[in-house]
Amino acid sequence: MRRLNLALLIILLLIANVAVVGQQDQASADSVARTSEPAAASTSATTPNPTGPETPKLDLTPDAHGALSQAQMQQLFRVVAEKDNENDKRLRDYTYIERDVENHLDGKGQVKSTETKTYEVMEISGEQINRLIQKDDKPLSEKDAAKEEEKVQKIIDKRKNESDSDRRKREEKEEKDREDGRKFVNEVADAYNFKLVGTEAVGGREAWVIDAEPRSDFVPHMKESKFLSKFRGRVWVDKDDLQLSKMDVEALDTLTFGLFLARLHKGAHFMLEQTRVNDEVWLPRHLSFNIDARIALLKDFKVAGDQTFRDYKKFRTDTKIVGYGEVKEP
């Protein structure tokens, strides 16, 4: 997914669990007992998983009132987060088309201008490549297309000519990010009171609907976690795959980042929808956001954005790219 402006990136890292990208393989539950009826049963037996190791089912047996305990909800959240991490790993094997629409708003919330960009996205040797292919839904001129190809070629050459020292530094940083991600998952699970409010159909599939409200007694142990109390949200978890199918997040208060370099105002809103692809992975389908922010000493700006993701295609990771438009089979 192409990175957005600073403020939105930080929020998505915190709330959408992008912070756990690259986390090492961990056991994750692939099936759970249905809890739409209070009499639902639980089991500790393991279930074979054709795409990974055998993992235990979750104990999601509701109490006499049909509710789940906070410990059960935290366990559910951690498993969903682990699965979302696995989705990110599998995303690296796909190319896709991303269309971004940004509506710049005036003080009354009316659209002043609109910018639309469409990208072809892929990942090469651990680095995401976004090749711009359209502006305002029109193909690029020959000159602009050539600039994009040159930009992509530079990225490919950088990876192809990477020294052993640079590669080790990159791998060390990736390992540190994985460790931070593991810590952050626990922080998020502890930062909220979760409440199962029912079930709904999302994309024709049944999903649990879960509300998350910040806990007043939460003590953050990471600097990134101090923002968690500023948000509340609702998530939809697919009951069969135990995957995040939809998420709706709202800022409860104004946030300031980096000694007032960036400020996100109360009321900022984000919604993410995901879809099942190739019966093996859940990937983004739609992201929308509406923010009121200030960057550095610039005046406040209001932006309403909409991103769609489509045409996911499996990309052979064992193919060697030696230049843009050139491939060599292994």
Side-chain angles (χ1 to χ4, degrees), residues 1 4 7-20 32 34-36 58 60 62-63 65-85 87 184-216 218 225 227-255 264-276 282-292 304-309:
M1 187 186 303
L4 306 177
L8 179 55
L9 169 59
I10 294 173
I11 302 312
L12 290 179
L13 286 175
L14 295 176
I15 302 301
N17 266 338
V18 182
V20 300
V32 303
R34 291 181 177 271
T35 61
S36 55
L58 288 173
L60 296 179
D63 62 20
H65 303 288
L68 298 176
S69 69
Q70 282 302 298
Q72 288 173 308
M73 299 299 289
Q74 288 174 334
Q75 182 188 15
L76 173 62
F77 175 86
R78 290 187 174 101
V79 171
V80 172
E82 290 170 3
K83 284 179 169 284
D84 196 58
N85 167 64
N87 290 334
F184 187 77
V185 168
N186 289 326
E187 291 279 274
V188 176
D190 294 338
Y192 293 95
N193 286 318
F194 299 101
K195 180 181 179 182
L196 179 63
V197 296
T199 60
E200 289 181 9
V202 179
R205 299 172 60 93
E206 191 172 15
W208 285 303
V209 185
I210 301 169
D211 282 347
E213 293 287 340
R215 292 177 50 180
S216 59
F218 171 66
S225 305
F227 298 110
L228 292 174
S229 62
K230 305 289 188 179
F231 295 92
R232 67 180 173 197
R234 170 169 286 190
V235 297
W236 288 254
V237 176
D238 186 85
K239 293 182 68 174
D240 288 334
D241 285 4
L242 206 61
Q243 294 273 7
L244 178 69
S245 57
K246 186 177 177 181
M247 177 174 58
D248 195 334
V249 177
E250 178 186 6
L252 297 171
D253 200 356
T254 297
L255 293 85
L264 184 71
H265 295 298
K266 176 180 178 181
H269 179 257
F270 313 90
M271 179 177 286
L272 172 70
E273 297 174 80
Q274 300 203 124
T275 187
R276 200 176 191 219
W282 284 70
L283 299 174
R285 182 180 69 85
H286 180 226
L287 171 68
S288 61
F289 59 91
N290 195 316
I291 62 174
D292 180 359
D306 189 274
Q307 293 184 317
T308 54
F309 309 87

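Positions are given from 1, in the same order as the sequence printed here.
Classification of the Phe231-Phe270 ring pair by plane angle, with boundaries at 30° and 60°, yields tilted.
Gln74 places a side-chain N or O within donor-acceptor distance of the main-chain N or O of Ala189, the cut-off being under 3.5 Å. Counting only distance, with no hydrogens or angles, the side chain of Tyr192 and the backbone of Ser229 share no donor-acceptor pair below 3.5 Å. Judged by distance alone, with hydrogens and angles left aside, the side-chain atoms of Glu273 form no donor-acceptor pair with the main-chain N or O of Ser245 at under 3.5 Å. Put simply, the side chain of Gln274 never gets that close to the backbone of Leu283: no donor and acceptor are under 3.5 Å apart.
Of the N and O atoms on the side chains of Asn87 and Gln243, at least one donor lies less than 3.5 Å from an acceptor on the other residue.
Counting heavy atoms from C-beta outward, His286 and Phe309 have side chains that stay 4.5 Å or more apart. Within the 4.5 Å cutoff, no side-chain heavy atoms of Val235 are placed close to those of Val249. Proximity of Gln75 to Phe77: side-chain heavy atoms (C-beta onward) are nowhere separated by under 4.5 Å. Proximity of Val237 to Ile210: side-chain heavy atoms (C-beta onward) are separated by under 4.5 Å at one or more points.
Here Arg234 does not pair with Asp248 in a salt bridge; the nearest charged N to carboxylate O distance is not below 4.0 Å. Taking the charged nitrogens against the carboxylate oxygens, Lys195 and Asp211 have no contact shorter than 4.0 Å, which rules out a salt bridge. Contact check on Arg276 versus Asp238 returns no salt bridge, with no Lys/Arg side-chain nitrogen under 4.0 Å from an Asp/Glu carboxylate oxygen.
Taking CH2 from Trp236 and CG from Leu272, the interatomic distance works out to 11.0 Å, rounded to the nearest 0.5 Å. Here CG of Leu196 is found 10.0 Å from CD of Gln72. Values are rounded to the nearest 0.5 Å. Annotation: the span from Thr275 atom OG1 to Arg285 atom CZ amounts to 6.5 Å, rounded to 0.5 Å. Atoms CZ and CG, from Arg205 and Asp241 in turn, are 4.5 Å apart once rounded to the nearest 0.5 Å. The CZ atom of Phe218 sits 4.5 Å away from the CD atom of Glu187 when rounded to the nearest 0.5 Å. Between the NZ atom of Lys266 and the CG atom of Asp292 there is a distance of 12.5 Å, given to the nearest 0.5 Å.
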Audit row: Asp190, Val188, side chain to side chain contact (heavy atoms under 4.5 Å, CB included) steps and yes/no: CA-CA 5 Å; Asp190 294 338; Val188 176; over 6 Å; no
Residues Leu252, Lys230; criterion side chain to side chain contact (heavy atoms under 4.5 Å, CB included); working and verdict: CA-CA 5 Å; Leu252 297 171; Lys230 305 289 188 179; 5.6 Å; no
CA sep, side-chain torsions, deciding dist, call: Phe194, Gln70, side chain to side chain contact (heavy atoms under 4.5 Å, CB included): CA-CA 6 Å; Phe194 299 101; Gln70 282 302 298; 4.1 Å; yes
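Taking both residues in full, the closest heavy atoms of Leu228 and Pro214 are given as O-CB, 4.4 Å, listed atom of the first, atom of the second, then distance. Summarising the geometry of Ala268 relative to Ile291, their closest heavy-atom pair is CB-CG2, 4.1 Å, with the distance given to 0.1 Å. The two residues Leu242 and Val80 have their closest heavy-atom pair at O-CG2, 3.9 Å. Heavy atoms only, all atoms of each residue included: Val202 and Lys246 are closest at CG1-CB, 4.5 Å.
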